[in-house]
Amino acid sequence: MPASDSAPSPDPSTVVPPAPSPTIEPPKLTGAELKKQKQAEKAARRAQTVIGKAVMPPPAAAAGPSSAGLRPEAANAARGQQRRANAVSSSSQQDIPTRSKKSGSPIEEPKEEDKTIEFFRHLTKTKAYPAGLKGANKDVHPAVQVLGLQMSNYMICGSSARLVATLQAFKKVIQSYTTPPGNTLTRHFTSHVLSPQIEFLASCRPLSISMGNAIRWLKLEISKVDIDVPDNEAKEGLCSAIDSFIQERVTLASQVIASSAAEKIRDGDVILTYAKSSVVERALVQAFEAGKKFSVIVIDSRPLYEGKHMAAALANLGMEVRYALISGLSHSIRRATKVFLGAHAMMSNGRLFSRVGTALVGMEANSYDKPVLVLCETIKFTEKVALDSILHNEIAPADELVIPDGPLENWRDVKGLQLCNLMYDVTPAEFLQMIISESGNVPPTSVPVLHRLGNESQA
Amino acid sequence: MPSLSTGYAPNLGVFLKSLKSQQLEASIENLISLLKRRQIKNSRPCAIATAHLLLRVVARFKWTDVGKLLERIQEVGQRLIQAQPREMVVGNIVRRVLGMIRDEAKEDRNEDASDSASNSQLSSPKRQSSDLGHLRNAGGPPTAFSPLRFDSKDVVQAMDSNSDDSFGSKSSANHRPPLITSHTSYAVTNNVPVQHSMFNLLSAMPSPLATPPGVSSPQGRSSVNMSSVAHRAAASSNDLKAEVISGIEEIIDELDQVDEQIASYAQEHIHSNETILTHSSSRSVQKFLLKAAEKRKFTVIVAESYPNDHEATHAAVAGKSKSSLDDSDDMDSDTFLKPLPKAGITVIQVTDAAIFAVMSRVNKVVLATHAVIANGGLIAAAGARGIAKAASFHKTPVIVVSGVYKLSPEYPFEFESLIEYGDPGSIISYHDGPLVDSVEVDNPVYDYVPPHLVDLYITNLGAHAPSYLYRIVEDHYKAEDTNFHNPEFQY
């Protein structure tokens with residue numbers, strides 16, 4: 001790691017503009033636009049590598065304040081310069097603070113041993129949230145900053161909620177945007193305004209698959225805006241497109257799924273569900289309101305306890321709810337007649353990517369021959385595939401696992417001890433009987449088909 | 001309770017100390033209430049407490065005969081088991097002691113018998129008749145049976161039917177003659193002296209050696225022998241008592257050493273650079289891994305088994321914190337183990353939910369157990385079934401580490417009956433007021449793991465396939481003791 005750092009670190013005060021340029025800045029010529037767009041699409045992935053490279057040992061401490069002090073100057077100088085140069089420096093501008101911010105938080109870390117788990121080392125380590133705001137780029141819209149914080153401390157959690165909140169925030173970003181003179185919305189907005197927002201969100205918590213899908217769609221929409229359309233009109237068009245996207249792909253989709261799933265519930269059923277899924281909750285409520293007599297078992301796990309909210313919400317409606325933790329799963333599953341699972345994403349190979357523990361639920365349900373139904377909007381379908389839960393996952397901050405006053409409190413002092421706070425796991429397709437989506441109920445093998453259909457209609 | 005223990009939460013250490021100063025009956029009551037209140041819990045402490053208590057019972061026992069001693073131990077055992085039926089080791093230890101007494105008594109009698117057989121021809125017929133008379137009283141066919149008419153087949157058949165009956169109904173354990181209940185299995189264990197004495201017992205024949213030994217069946221043999229023991233036990237009571245006491249002390253020693261013995265196999269089963277997944281906190285597993293760590297470097301993933309055992313699990317990986325010392329349940333405070341990371345093991349603590357996710361990286365699963373049942377299945381901390389199942393899905397071998405003392409001869413068909421449900425307050429605390437009111441909370445403490453999910457058992461006797469466990473059960477317990485705690489129990 002120090003080897004890669006030696007390049008940018010030697011003289012941060014003077015070399016700032018050129019320093020990031022070899023890594024980020026494409027040739028300034030016409031090809032730049034195209035390339036930037038491509039890069040922006042891969043923003044999340046790039047952010048990871050940037051973090052990897054930017055984790056600076058002690059020199060970063062010096063670099064942090066000096067580059068921060070320099071940043072306004074550089075910006076001012078750039079402002080005085082040509083348009084094209086402005087574009088360049090602002091692209092570098094979005095990067096300098098990101099670096100200083102990122103090098104800020106791990107400053108204490110290098111002194112200690114590496115607490116990351118060997119086989120998860122390829123995954124981004126999400127930072128604790130205070131660092132997120134402190135080092136936030138000036139370009140990041142306040143609404144997005146708020147959202148980033150809410151996501152990083154799980155106030156907004158669950159892939160549908162994050163998707164909707166992100167789109168709403170982006171709507172605000174669009175509304176407050178004015179195209180700089182001599183530029184067009186199509187060319188300027190995505191690369192210079194939207195990308196830093198996305199990068200910031202990704203630094204708060206890795207983007208969910210559905211967010212990635214929606215962002216790709218949004219960029220496509222933006223690129224489709226006619227250059228000749230006046231700013232206001234274009235912005236209005238985009239906002240209403242976002243609205244109808246949310247309406248179609250999330251709100252209505254979950255309604256369709258909920259009523260379709262509610263039909264599957266019969267009197268006397270015992271529905272087992274894991275953690276919290278808004279669409280599962282909706283389906284259960286809908287069935288309950290339709291007068292069906294059934295009870296619900298909510299299985300939950302540490303450290304998020306999402307199921308607790310679900311259990312409380314259902315019990316408040318007067319439903320018969322049992323609650324157990326995942327260690328008691330093998331007992332609860334025997335009582336169940338059907339298993340409803342929410343999804344974070346559906347992989348193209350039919351596997352379900354969802355909250356960690358879902359695979360265990362699927363496995364136990366399968367071993368007791370209980371049908372497993374996955375409730376999943378098509379916006380969560382992805383062309384990615386997954387074989388295990390290790391390659392593609394998210395590691396949450398390990399300290400979330402520590403119980404106050406418990407023996408783990410000083411775990412960082414124990415050499416050789418690592419805490420692993422995994423967010424998702426991959427449920428094999430053979431555990432799933434049916435995927436209920438708004439485009440129909442399909443077996444897991446048909447996920448790629450639905451995904452293709454969805455994309456064709458979009459494109 | 002002796003005054004020195006006031007102010008401490010009663011636990012195993014306190015109980016063992018109080019054992020010396022207390023009246024026997026008070027000690028029994030004390031242990032019963034400790035078991036009921038779960039102040040002594042988990043297999044090892046329960047086993048140690050039971051063994052020590054039985055030692056006292058034997059030591060204080062006013063000797064009349066072996067039968068009375070067996071009855072007394074059965075009675076104490078029944079009370080302990082009723083106090084906490086799901087701590088199966090309590091029953092196991094009681095059965096071990098019962099079996100050991102039976103063995104000792106038999107050996108004792110065999111020595112006597114062979115002595116008398118060689119020394120005096122005269123004494124033996126007298127004893128025979130009394131023996132056989134006793135046998136008849138005890139339920140043998142009174143008709144057409146004469147001690148003088150040697151017809152071993154008749155006797156054998158009669159005994160067979162008799163023992164079959166008693167096996168079938170066993171209804172009045174308390175009224176039945178204590179020593180006539182023996183069945184097939186255990187007389188086999190030292191058959192040479194038994195056969196020798198057989199001749200003394202049944203022969204009014206001039207030449208005992210003329211009868212081939214194979215004719216007489218073990219059933220008839222053993223019960224006759226035991227009844228003869230009952231009559232003469234008083235004579236050799238002191239020797240026998242000393243032997244029984246030293247036998248119980250041996251069991252206590254075994255409990256002490258069992259973890260080391262198991263650990264001695266560790267290096268045969270763990271190679272370097274492995275990733276091992278384990279679950280909850282167990283001294284046996286911990287010692288097993290520590291022993292392996294002396295020679296090898298490897299990674300251990302520990303699932304925390306929240307909410308019932310997570311404190312101890314966290315303490316095992318991170319060392320003790322002050323708060324967990326306060327409620328240290330069993331012997332932990334005096335037998336403190338080095339936390340795994342200190343031994344050079346890389347330890348990854350994960351939540352129970354992440355088991356399936358990390359299983360693809362695991363190449364061995366080591367499970368601790370609460371109890372092992374004769375079919376090769378086991379009772380372990382909740383979540384164990386999920387681990388074993390996930391391991392079998394990934395074709396990862398599952399090793400169960402368990403002392404033989406956890407091996408129980410009981411084999412209930414309804415495994416739910418072995419599962420204890422714990423305090424729901426540890427899942428949803430009373431801070432969540434509305435939730436407590438409206439939601440039913442399940443907190444099972446144990447899981448049943450069926451034998452087909454286990455690949456290997458490592459006990460202090462070595463490594464065994466699950467299918468072989470029944471054999472070890474037969475070696476350690478007498479069949480007639482299996483259901484001593486509820487004679488009317490019929491499977």
Side-chain angles (χ1 to χ4, degrees), chain A residues 117-119 297-298 300-303 308 311-312 314-316 318 320-332 334 355-360 362-364 367 387-390 393 398 401 403 405-411 413-422 424-428, chain B residues 275 299 301 304-308 310-312 314-321 323-324 339-358 360-361 381-383 385-386 389-390 393 416 419 421 424 427-428 432 434-435 437-444 447-448:
Chain A
I117 291 127
E118 203 186 347
F119 49 86
I297 302 174
V298 179
D300 205 358
S301 68
R302 230 165 65 83
K308 224 181 232 184
L314 297 179
N316 277 345
E320 196 184 313
V321 181
R322 290 184 96 94
Y323 179 84
L325 292 180
I326 188 119
S327 55
L329 172 68
S330 59
H331 300 265
S332 305
R334 271 174 249 189
R355 178 69 65 237
V356 64
T358 308
L360 279 176
M363 178 189 73
E364 288 289 19
S367 75
L387 289 173
D388 59 20
S389 318
I390 289 168
N393 211 321
L401 288 185
I403 299 166
D405 284 334
L408 280 187
E409 245 186 352
N410 301 319
W411 71 278
D413 302 337
V414 182
K415 194 170 168 292
L417 175 62
Q418 301 163 352
L419 261 61
C420 173
N421 188 6
L422 214 52
Y424 300 106
D425 65 11
V426 173
T427 310
Chain B
T275 307
T299 305
I301 301 177
E304 57 190 2
S305 97
Y306 192 81
N308 296 310
H310 64 284
E311 285 253 339
H314 291 168
V317 297
K320 289 268 166 187
S321 82
S323 66
S324 66
L340 295 179
K342 287 250 164 63
I345 304 172
T346 308
V347 178
I348 304 172
Q349 172 83 61
V350 299
T351 57
D352 300 316
I355 286 161
F356 196 94
V358 296
S360 56
R361 283 301 302 242
R385 198 199 124 90
K389 186 85 196 157
F393 179 79
E416 272 295 299
I419 306 301
Y421 278 75
I427 291 183
I428 290 193
D432 292 313
L435 210 53
D437 285 340
S438 52
V439 171
E440 214 165 312
V441 179
D442 284 338
N443 180 15
D447 255 358
Y448 168 70

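The chains referred to below are lettered A, B, ... by the order of the sequence lines, with proteins before strands, and numbering in each begins at 1.
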Rounded to the nearest 0.5 Å, what separation is found between the [atom1] atom of [X] and the [atom2] atom of [Y]?
X	Y	atom1	atom2	value
Ile403(A)	Glu311(B)	CD1	CD	6.5 Å
Thr351(B)	Ile326(A)	OG1	CD1	8.5 Å
Met363(A)	Phe356(B)	CE	CZ	6.5 Å
Ser327(A)	Asp352(B)	OG	CG	5.5 Å

Looking at every heavy atom in both [X] and [Y], which two are closest together, and how far apart are they?
X	Y	result
Ala353(B)	Leu360(A)	O-CD1, 4.0 Å
Ser332(A)	Asp442(B)	OG-OD2, 4.3 Å
Gly328(A)	Pro444(B)	CA-CG, 3.5 Å
Pro341(B)	Lys415(A)	CB-O, 3.1 Å

Counting only heavy atoms closer than 4.5 Å, note whether [X] contacts chain A via side chain, backbone, both or neither.
X	result
Ser305(B)	neither
Phe393(B)	side chain
Tyr448(B)	neither
Ile348(B)	both
Ile419(B)	side chain

Only pairs of heavy atoms separated by less than 4.5 Å count here; which of [options] has the most with chain B?
options	answer
Ala315(A), Gly416(A), Gly357(A), Pro428(A)	Gly416(A)
Ala312(A), Ser367(A), Pro303(A)	Ser367(A)
Asp425(A), Val356(A), Asn316(A)	Val356(A)
Glu118(A), His331(A), Lys308(A)	His331(A)
Leu422(A), Leu329(A), Leu417(A)	Leu417(A)

Largest heavy-atom contact set with chain A, pairs under 4.5 Å, which of [options]:
options	value
Val347(B), Asn443(B), Val350(B), Thr346(B)	Val347(B)
Arg385(B), His310(B), Glu304(B), Gln349(B)	Arg385(B)
Ala381(B), Pro424(B), Ser360(B)	Ser360(B)

Item checked: Side chain, backbone, both or neither of Val321(A) within contact of chain B (heavy atoms, under 4.5 Å) ->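 The answer is both parts of Val321(A).
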
Notebook entry, point to check: So what's closer than 4.5 Å to chain B heavy atoms on Val414(A): side chain, backbone, both or neither?
Noted result: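 Side chain only.
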
Margin query: One pair to check against side chain to side chain contact (heavy atoms under 4.5 Å, CB included): Val317(B) and Leu408(A). What are the steps and the verdict?
Written below: CA-CA 8 Å; Val317(B) 297; Leu408(A) 280 187; 4.1 Å; yes

Check: Given the rule in the side chain to side chain contact (heavy atoms under 4.5 Å, CB included) test, do Arg334(A) and Glu416(B) qualify, once you have shown the distances and angles that lead to the verdict?
Finding: CA-CA 11 Å; Arg334(A) 271 174 249 189; Glu416(B) 272 295 299; 3.3 Å; yes

Next item on the list: Could you give me the CA-CA distance, side-chain angles and deciding distance for Leu435(B) and Tyr323(A), then say whether side chain to side chain contact (heavy atoms under 4.5 Å, CB included) is met?
Entry: CA-CA 10 Å; Leu435(B) 210 53; Tyr323(A) 179 84; 5.8 Å; no

